[in-house]
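Report on the structure given below.
Side chains included, hydrogens not; waters and symmetry mates left out as well; all remaining heavy atoms used. Lettering of chains follows the sequences in order, A, B, ..., and the numbering in each one begins at 1.
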Amino acid sequence: MMKIKLKIFRYNPEVDRKPHYETYQVDAEPTDRVLDLLEYVKSYHDGTLSFRRSCAHGVCGSDAIRVNGRNYLACKVLVQDLHSSKITVEPILGMRVIKDMIVDMEPFFENYRSVMPFFVNNDPPPSEERIQAPEQRARFDDTTKCILCAACTSSCPSFWANDRYVGPAAIVNAHRFIFDSRDQAASERLQILSDQFGVYRCHTIFNCTVACPREIQITQAIGEVKMAIATGKVSYEVKGEVKESVSNF
Amino acid sequence: MRKHQFDVVVVGAGGAGLMAALYASRSANTAVISKLYPTRSHTGAAQGGVGAALGNIEEDHPEWHTFDTVKGSDYLGDQDAIEFMCSEAVQAVYELEHMGLPFSRTPEGKIAQRPFGGHTNNLTKKPVPRACYAADRTGHMILQTLYQQCIKNKVNFFDEFQVFDLLMVNGSVSGVVAMEMATGELHVFHAKAVIFATGGHGRIWEITSNAYAYTGDGVAIALRRGIPAEDMEFFQFHPTGIYRLGILITEGVRGEGGILLNDKGERFMTRYAPTVKDLASRDVVSRSMYIEMREGRGIEGRRYLNLDVRPETVNRYAAEDGRLRPDGSPFRVTGDEILSKLPDIVDFCRTYLGVDPVTQPMPVQPTAHYAMGGIPTNRFGEVVIDEKNTVLQGFYAAGEVACVSVHGANRLGTNSLLDLIVFGKHAGLNAAEYARGASFQSLPDDAVEFTQQQLETLLSSTGDEKAADIAREMKTVMFEDVGVFRTEEGMTHALQVVRELKERFRHIHLDDRGKIFNTNLVQAWELGNLLDLAEVTTVSALARQESRGGHARQDFSKRDDVNWLKHTLAWLKPGSVELVYKPVVITHFEPKERVY
């Protein structure tokens, strides 16, 4: 058991004129998740403490928060990972705080929706599956892992500077389709992302890559999208030659 | 209070809800109401695969899938519904692929498939690769793909709206009442048809793979409106949850050659299921693990066993079993292959246990995983409310909340994702079809009264009971006494405890009396749902004096087809639960003894 000083950002718009911090003393096992500590505070100190959570093991993306100044999923960071008995918990940045850890996710999802994050293939489908080689499937594997937690976007200084920037999460989700050999709308997506609020807002700061709880190589994915825009070409194979090109935008 | 009107309202935005919404919205004005953002739904946690007899690796047939599912259900599944599901499966999986779902691929570029518990070649009785998978995140891919398609098709979403009540007028459903979490405001959704796709209720138990959100809202709401719950005594304990945390370790680990070992290093499943061993169906494996632990062969005498997928272990036992690859070469794996087929499992173990499954065994114990029971429906997704299968007009259910019943007493792995896509689709199509021919029923004058009454009771309580204490005591007693093994004595005790907890629940203390994101209030209401479902589960289980599938009684250790080949229907009454039974639909497969 460890004694933890848990400092939590608090803001309840029905009560507080402005945000403040509260500190709670909690006993914790080194292997406890920070989410467990929040649950404990809500259960036994203050039931008004508000935060989102669901799966509690890093796959649903509900509980992105800032812990000791860095973005994590509350359910995927353990007390022992933080190497400190002082833990400060705050909402993710760049989004309007509604209450405590709960931020307004609507602008984030609006950015996501703006990049056509869905499969497009207007040919009549075959009677069985479309064929895709394992290497073609591997080409976009990394970006299929995104859980839309916003840990990346809310850690990005370019997004903090201008929240009209679509942000890393939206680009990751565009990448997932742009590099899918079965998809037919790469050029439309590249067109959208070549806009002034698209990929060129990324200054390769790498905060997103560090923050991603799914370990997606986000900065690299953004780089590949930039390259596709610059060259007008999308390579569908990892090592092989360019299979198809996109030049009509 | 605000009012909305839609032809079809879908409650819940996991696999079943989104599939229903996609299909209903093609011809009907449709809205989806979800307490979570859709991509947070628990479908996303499903790992190993979706079952369909594509035959991409080895010969397979929907008829084999049907028989395996009937056998897996311990003959309690309705065979007309199972035949329907397994024959629709192949097309449903192709359809997901056509929507862009990124399945893993065979060297020829087809959808990859792996073996899973209880799925067999019906001639050789050996495991057959039937689980269509995308690494170990198949559910994530299904959820994302369906949500993406909903965006493409401009489906209406009401995200972070908590539904509290189902409205009924003149014996038909006429809508639901929900709270917008961001404002605390109540909304009435007036609808011709309502589809419940609200998921399961594993949070009743102490060790569970289920999300916090899995609080049985759909079944509880229906029970309060006089609709019965079917087969609630059948709840699946998945053999491999991470020790103490309950986080799921997919059966795909064993499909890829992983082995369960006891403290003596024995592969104990050879004693319980000589033919398919570690790939017996889940109820069989969980019981075997309990017996091992009870007889002192848990690791270091504790309540867990080892799941070992280290390449040397996999290769040793694959050689012993004579397992071959499709091309006839011996089955051999490397650490890199394990990592590429099970990346999330490796990540979970590293994160939460500090264990690397490529070099160390994983400590596992059975974890409460899946509700076979739920709101009774027929194979069209229509809710049926009595032993004569009378349809409640305008009300549909699909996915884990529903009991069709395709899973009977025990669900086979990969059949939950299949259930979602097949019955989600058909519930959506049928609800839209119904809405086309129906007119709006008038709303009751007091539409929000029952909701307000429930919330007001919680908010005005002056007691000092803590929700967390009540929840903990419920979970402990349910895991101990209404878990993998059950006795009359244990369940009688559990029922008494649950009823005491329900009484204490009336004196619960809420700190938050506000409007905006009052999760304190909503979570208390969810606990009330869990308590009601714990009571219904326990009463249903106490009455069933036999062992079948997930319901294993030490005092009635045999299956009893003469007296108990029937479904339970349970009605929740003030202070009691009323039980009635209805027959199982049998088409081709007469019940026989179930051996693996």
Side-chain angles (χ1 to χ4, degrees), chain A residues 12-15 31 33 39-40 42-44 46-48 50-62 76 78 98-100 102 104-105 109 112-113 116-121 125-134 136-137 140-141 144-148 173 176-177 180 182-183 215, chain B residues 36-37 39-42 44-45 54 93-95 97-112 134-135 137 139-141 144-145 148-149 151-152 159 182 211-213 245 247-248 344 347-348 351-354 466-469 509-512 514-520:
Chain A
N12 180 348
E14 294 176 86
V15 179
T31 52
R33 300 164 274 207
E39 283 290 333
Y40 183 81
K42 185 173 180 67
S43 298
Y44 293 104
D46 185 356
T48 69
S50 302
F51 51 91
R52 295 184 174 106
R53 88 282 195 262
S54 189
C55 79
H57 65 285
V59 298
C60 82
S62 297
K76 222 183 163 185
L78 308 187
I98 298 174
K99 184 181 181 185
D100 298 335
I102 298 177
D104 182 4
M105 295 290 287
F109 280 104
Y112 164 75
R113 288 190 295 265
M116 301 173 67
F118 42 76
F119 185 72
V120 177
N121 183 320
S127 59
E128 298 182 350
E129 67 268 64
R130 291 191 172 91
I131 298 297
Q132 183 170 52
Q136 294 174 321
R137 168 65 180 76
F140 62 101
D141 184 62
T144 64
K145 296 189 301 195
C146 176
I147 54 174
L148 299 168
N173 282 279
R176 178 252 169 275
F177 292 101
D180 185 336
R182 303 167 298 167
D183 185 88
E215 295 173 8
Chain B
L36 304 170
Y37 273 104
T39 57
R40 315 302 184 211
S41 303
H42 202 50
L54 306 186
V93 166
Y94 288 143
E95 199 174 349
E97 198 282 333
H98 298 158
M99 290 179 190
L101 195 139
F103 283 106
S104 295
R105 299 286 168 159
T106 67
E108 304 77 43
K110 303 181 98 172
I111 293 170
R137 44 180 90 104
H140 165 78
M141 300 300 192
Q144 295 286 330
T145 300
Q148 291 155 1
Q149 291 296 308
I151 291 172
K152 186 179 183 183
D159 297 332
Y212 276 105
L245 289 169
I247 296 169
L248 184 67
D344 281 0
D347 181 38
F348 296 152
T351 302
Y352 297 109
L353 297 167
K466 294 241 176 247
D469 292 333
H509 176 82
L510 294 185
D511 289 337
D512 198 338
K515 290 274 185 203
I516 297 174
F517 268 100
N518 190 339
T519 53
N520 200 201

Closest heavy-atom pair and its distance - [X], [Y]:
X: A/Thr144; Y: B/Met141; value: OG1-CE, 3.1 Å
X: B/Ile111; Y: A/Glu129; value: N-OE2, 2.9 Å
X: A/Tyr44; Y: B/Lys466; value: CD2-CD, 3.8 Å

* Are A/Lys99 and B/Thr519 linked by a side-chain donor-acceptor pair shorter than 3.5 Å? ->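 No, because no side-chain N or O of A/Lys99 sits under 3.5 Å from a partner of the opposite role on B/Thr519.
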
* Asked: Tell me, side chain or backbone of A/Leu148 under 4.5 Å from chain B's heavy atoms, or both, or neither?
  ->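 Both backbone and side chain.
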
* Non-hydrogen atoms of chain B under 4.5 Å away: do they reach the side chain of A/Tyr40, the backbone, both or neither? ->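 Looking at A/Tyr40, nothing touches chain B.
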
* Under a 4.5 Å cut-off applied to non-hydrogen side-chain atoms, are A/Arg33 and B/Leu245 in contact? ->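 Yes; the side chains approach each other to less than 4.5 Å.
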
* Student check: side-chain heavy atoms of A/Arg52 and B/Phe517 closer than 4.5 Å ->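 Touching, per the 4.5 Å side-chain cut-off.
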
To the closest 0.5 Å, what do you measure between [atom1] ([X]) and [atom2] ([Y])?
X: B/Arg137; Y: A/Ile147; atom1: CZ; atom2: CD1; result: 10.5 Å
X: B/Tyr352; Y: A/His57; atom1: OH; atom2: NE2; result: 7.5 Å
X: B/Gln144; Y: A/Phe119; atom1: CD; atom2: CZ; result: 15.5 Å

* **Residue B/His98 versus chain A: region with a heavy atom under 4.5 Å** =>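 Contact with chain A involves both backbone and side-chain atoms of B/His98.
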
* Please name all residues satisfying salt bridge (Lys or Arg N to Asp or Glu O under 4.0 Å) with A/Arg130, sequence neighbours left out, ordered by chain then number. =>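 Result, salt bridge (Lys or Arg N to Asp or Glu O under 4.0 Å) vs A/Arg130: none returned.
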
* Would you please name every residue forming a ring pair (Phe, Tyr, Trp, His ring centres under 6.0 Å) with B/Tyr37, sequence neighbours left out? =>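 Testing B/Tyr37 for ring pair (Phe, Tyr, Trp, His ring centres under 6.0 Å), a comparison that skips the adjacent residues, returns A/Phe109.
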
